[in-house]
Amino acid sequence: MAAKRGPAPRRGILDIAPYVPGTSALPGAHPVIKLSSNETPFGPSLRAVEAYLGAGASLSRYPDGSARPLREALAKVHGLDADRIVCGAGSDELLNLLAHAYLGPGDEAIYSEHGFLVYKIAILARGATPVAAPETDLTTSVDAILARVTDATRLVFIANPNNPTGTYLTFDEVKRLRAGLPDDVLLVLDAAYAEYVRRNDYEAGIELVATTHNTVMTRTFSKIYGLASLRLGWAYCPPEVAGALNRIRGPFNVSGPAIAAGMAALEDQTHVQLQAEHTEMWRGRMAEAFEQLGLGVTPSAANFLLLHFPQGHGHSAREADEFLHERRIILRRVEEYGFPHALRMTIGTVADNRAVLDALASFMGADGAAPA
Ligand SMILES: Cc1ncc(COP(=O)(O)O)c(C=O)c1O
């Protein structure tokens, strides 16, 4: 009898390299310093935790299907039109829904060479063709993207700032990109780290979404709002794009506890501000200290730093990673982003940051030389 063949996924699905999250635990019971996923080390606002616990009383009820109370709260905080906001189970869901709505076999979508890995997966999952545009100085290159536009291009994904580099595009550059793209190409500005950026020449995307009919901005509650485990993100869209996403998303894609916690988190902007200030100060201090140890550091506008290690034996990124694990410190390996000689470190608490600096000073043979 012929061997049974079960259902096969669509052509190409099994060729997709699965997304591998950063290491989150080490063997043994001792606590770890986990700086591998760009989460906030301070946790969410206590108001969000209270709201989450309060939502426990209504777990038997479906949530508001369009997350209306949360969309209205977002609209108020950011000065937006609530009808143009679509919420999702993390911004990952929204990135995938955008690909689902706008891409199919034969279409092309462009992202930058070291861009967030989810883009390529979302594009391939639709049977479309991913096109990587080379970067300049580890920064998205508008010219390289525009040079790769063809008649088949339907969508461009940009993380601004980008993960894992931390580099960003100025508003002028984003506008130049939009102006150079054909009218029927959707530009997706993924601003997962927008709250951490302290640059006058940066704009997360709200203005372009408001003034064009073909640009979307995605945001997340996973980073500065500290709600990564709840899975909550949102997109600000032209009305037609919101209409498309609302047709294909799950009817209750955001849970009641996530809506409640998100609304409460938005009310606590002091919590957001304090973290942004902490991150800005430590990002600068850490970058300087790492450079003094002989590491390369990509200038970052986000809550993490990409650290470049010497390539020879003895001080390589892989050896540094092992050395740090022995000290119960977890950074992010970034080989699959095209950086075999780098590690990405999320800015942590003062104690976390000092622990990493001390450990890397020992690793680089500069004991006692960690100045921050
Ligand atoms: C650039 C970028 N976009 C989106 C996300 C996904 O965030 P979420 O937790 O909202 O799905 C991440 C998470 O690491 C990210 O780095």
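We count ligands from 1, going down the list as the structure has it; atoms in each ligand are counted the same way. Note that this is a predicted model, so its numbers are computed, not measured.
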Worksheet item: Is any NZ, NE, NH1 or NH2 atom of the basic residue among R178 and D183 found under 4.0 Å from an Asp or Glu carboxylate oxygen of the other?
Response: no

Worksheet entry | Ionic contact status for R68 with E72, cut-off 4.0 Å |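 Salt bridge between E72 and R68, a charged N being under 4.0 Å from a carboxylate O: yes.
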
Worksheet item: Listing by chain and number, which residues have a heavy atom under 4.0 Å from ligand 1?
Response: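 For ligand 1, the contacting residues are G90, S91, D92, F116, A159, N163, D190, A192, Y193, T220, S222, K223, R231.
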
Item to complete: Run the numbers on Y236 and H78 for ring pair (Phe, Tyr, Trp, His ring centres under 6.0 Å), then give the verdict.
Response: CA-CA 11 Å; Y236 192 50; H78 292 281; 9.0 Å; no

Worksheet entry | Cationic tip of R154 above Y102 ring, under 6.0 Å, 45° of axis | no

Practice prompt. State whether the number of non-hydrogen atoms from other residues, nucleotides or ligands found under 6.0 Å of Y52 atom OH is greater than 12.
Written response: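 No - once you tally the heavy atoms of other residues, nucleotides and ligands closer than 6.0 Å, there are 12 at most.
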
Item to complete: For residues T167 and S300, determine if any side-chain heavy atom of one lies less than 4.5 Å from a side-chain heavy atom of the other.
Response: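 Side chain of T167 against side chain of S300, heavy atoms only: no contact under 4.5 Å found.
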
